[in-house]
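Both counts, for ligands and for their atoms, begin at 1 and track the order of listing. What's counted below: heavy atoms across the whole structure, side chains too, no hydrogens, waters or symmetry copies. Counting from 1, the numbers follow the sequence of the chain as shown. None of the values given here were measured: they were computed from a predicted structure.
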Amino acid sequence: MSTVLVVNSGSSSLKYQLIDLDGGDDRRLASGLIERIGHDDARAVHTTTAHPDGAPFTVDAPVADHDAAFAMMLEAFEQHGPSLAEHAPVAVGHRVVQGGARFVEPTVITELVKINIDELAVLAPLHNPANLAGIVAAQRAFPEVPHVAVFDTAFHQTMPPAAYTYAIDREVAERHRVRRYGFHGTSHRYVSRAAAEFLDEPVEELRMIVLHLGNGASACAVDGGRSVETSMGMTPLEGLVMGTRSGDLDPAVLVHLQRRAGLDVDGIDRLLNSRSGILGLSGHADMRDLESAREAGDEAAALAFEVYAHRIRSYVGAYAAQLGRVDAIVFTAGVGENSASVREAALEGLEGFGVEIDDARNRERRGGARRISTDASRTAVLVVPTDEELEIARQTLATVEA
Ligand SMILES: Nc1ncnc2c1ncn2[C@@H]1O[C@H](COP(=O)(O)OP(=O)(O)O)[C@@H](O)[C@H]1O
Ligand SMILES: CC(=O)OP(=O)(O)O
Ligand SMILES: [Mg+2]
C-alpha cells in the first residue's frame with residue numbers, strides 16, 4: 001500500500017489530496033479544499049473518484065480552526081468516500097514554505113523538527129505558523145503514521161553564494177539570516193524533471209528557465225537539474241509581479257513610505273504583500289479578470305499586464321546570461337499553463353536570442369506537457385503542468401521508505 005495524504009495548510013485554508021502511488025501509475029483518490037477557516041462562512045469542497053460521476057461535494061458551515069478543518073475532512077471521507085479504512089495513508093506529507101538553510105531534504109517530522117519550523121516562522125510569518133498548525137492538527141487526526149515536511153526552499157539550497165547573498169553588511173545579514181532562500185522549489189523541481197522527460201533528454205544535461213506563474217510567481221534557472229538562481233528571496237515577496245505582491249522594488253521605497261505616507265511596518269507589509277502586484281495596479285488579482293478588463297479597453301489593466309510581462313522578460317534575459325545557454329523555457333502554474341497572451345507577451349522580441357513562439361501552438365488548448373515554440377526555435381518553449389501535491393506525495397513516500 002502506497003497511499004499518501006498530502007496537506008497544504010494555509011493561514012485560513014486547508015488543501016488536501018489522497019494519492020495512491022502504487023504500481024507507478026499515479027492515482028488521485030480524493031482532493032479537497034476547506035476555505036475561510038476561523039470564519040462563520042467557511043466552505044469545504046471534497047472531490048472523490050469513489051463517486052461515480054466525480055462531482056464535488058460542498059458543505060457551508062463554520063470551521064473554528066485547523067483541528068475542526070481536519071474533523072471536517074475526515075467526515076467528508078466518511079460520507080463521500082473513498083474509505084480511509086480501505087485506503088489508509090501510510091504517511092502524511094506536508095507542504096512547509098520556509099525551511100531556511102537547515103532543511104535541504106524532505107524530513108520526517110519530530111518534536112524537534114516542529115520546534116525548528118516554528119522558529120523559522122521569523123523568516124516566513126505569513127506561511128510557517130499556518131503550516132505548523134496544519135501539522136499539529138494532522139498529527140492529532142493521524143497519530144499512527146509518519147508525517148513528512150516537504151520544504152519549498154529545499155530545492156534552492158544548491159544556489160551558489162553569489163546568487164543567494166544580498167550585498168548588505170555581512171554581520172547584520174548573518175545575525176538575522178538575511179539571504180535569498182527561494183520558494184516554489186517543489187514545483188520547480190517537478191517541472192524541470194517533467195520537461196526533461198518530455199524532451200527525452202537527461203535532466204543532468206539540460207539548462208532551463210522555469211517560470212512558475214500562479215498567485216505567487218517565481219522564475220528559476222535550473223542547470224543540470226539543480227537550482228542555481230531563483231527570483232524569490234528571503235521571503236516570497238521578491239522577484240516577479242504577482243497577484244497581490246509587488247515583487248522587486250527599490251528598498252528605499254519602504255523608507256520613503258514610512259517617512260512620507262505615514263505607513264508603519266505592518267502597513268508596509270500589507271501594502272506589498274496584499275495590495276500590490278496586478279491587484280494594486282488594476283484592481284484585479286486574478287489574471288483572468290485582468291485579461292478581460294484589458295480586452296475591454298481598461299488602461300490600468302493594460303499597464304498591469306505590460307508590467308507583469310516586462311518583469312518576466314527581464315528575468316529570462318538575466319537567467320539566460322547566468323546559464324550561458326538555454327535549452328528550454330518552461331511555463332507552469334495557473335497563469336503559465338493557461339494564459340497564451342501572457343506567454344506571448346513575456347517572450348516577445350526574443351527571436352534574436354533564438355526564442356520563437358509558434359502562435360497556433362501557443363493558442364492551442366490542451367492538457368499535458370507540450371511545445372509551443374517553432375521547430376526553428378533554438379530554445380524549446382514548453383508548457384508543463386505542475387503538480388506540487390504529487391511531488392510531495394512521492395518525496396514523502398521515498399522519505400518514509402528510505
Ligand atoms: N484560463 C486562464 N487564463 C488566465 N489565467 C488563468 C487561467 N486559469 C487560471 N489562471 C490564473 O492562475 C492564477 C492562479 O494560479 P494557481 O497556480 O492556481 O495559484 P496558486 O496555486 O498559487 O493559488 C490566477 O491568477 C488565475 O487567474
Ligand atoms: C511561497 C509562495 O509564494 O506560495 P504561493 O504561490 O502558494 O503563494
Ligand atoms: Mg501555487
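Contacts between Asn215 and ligand 2 below 4.0 angstrom, taking non-hydrogen atoms only, are absent altogether. Of all the heavy atoms of Glu388, none lies under 4.0 Å from any atom of ligand 2, so neither backbone nor side chain is involved.
Closest to atom 5 (N) of ligand 1 by heavy atom, among Glu337, Glu291, Glu388, Met287, is Met287. The residue among Leu279, Asn338, Val335 with a heavy atom at the shortest distance from atom 2 (C) of ligand 1 is Asn338. Of all the listed residues (Gly336, Ala340, Gly334, Ser341), Gly334 holds the heavy atom that lies closest to atom 16 (P) of ligand 1.
Ring centers of His188 and His156: under 6.0 Å apart, within the cut-off. Here His46 and Tyr16 bring their ring centres to under 6.0 angstrom of each other.
Between Leu213 and ligand 1, no pair of N/O atoms sits closer than 3.5 Å. Taking any N or O of Asp152, backbone or side chain, none lies under 3.5 Å from an N or O belonging to ligand 2. Considering backbone and side-chain atoms alike, Ser339 places every N or O at 3.5 Å or more from each N or O of ligand 1. Considering both main-chain and side-chain atoms, Arg245 comes within under 3.5 Å of ligand 2 through a nitrogen or oxygen pair. Every N/O-N/O distance between Lys15 and ligand 1 stays at or above 3.5 Å.
Within the listing of ligand 2, atoms 1 (C) sit less than 4.0 angstrom from a heavy atom of Phe183.
The cationic group of Arg180 does not satisfy the cation-pi geometry with Tyr164, failing either the under 6.0 Å distance to the six-membered ring centre or the 45° limit from the ring axis.
Using a non-hydrogen distance threshold of 4.0 Å, Lys15 does not register as a contact of ligand 2. Ligand 2 does not have Met242 within reach: every non-hydrogen atom of the residue lies 4.0 Å or more from it.
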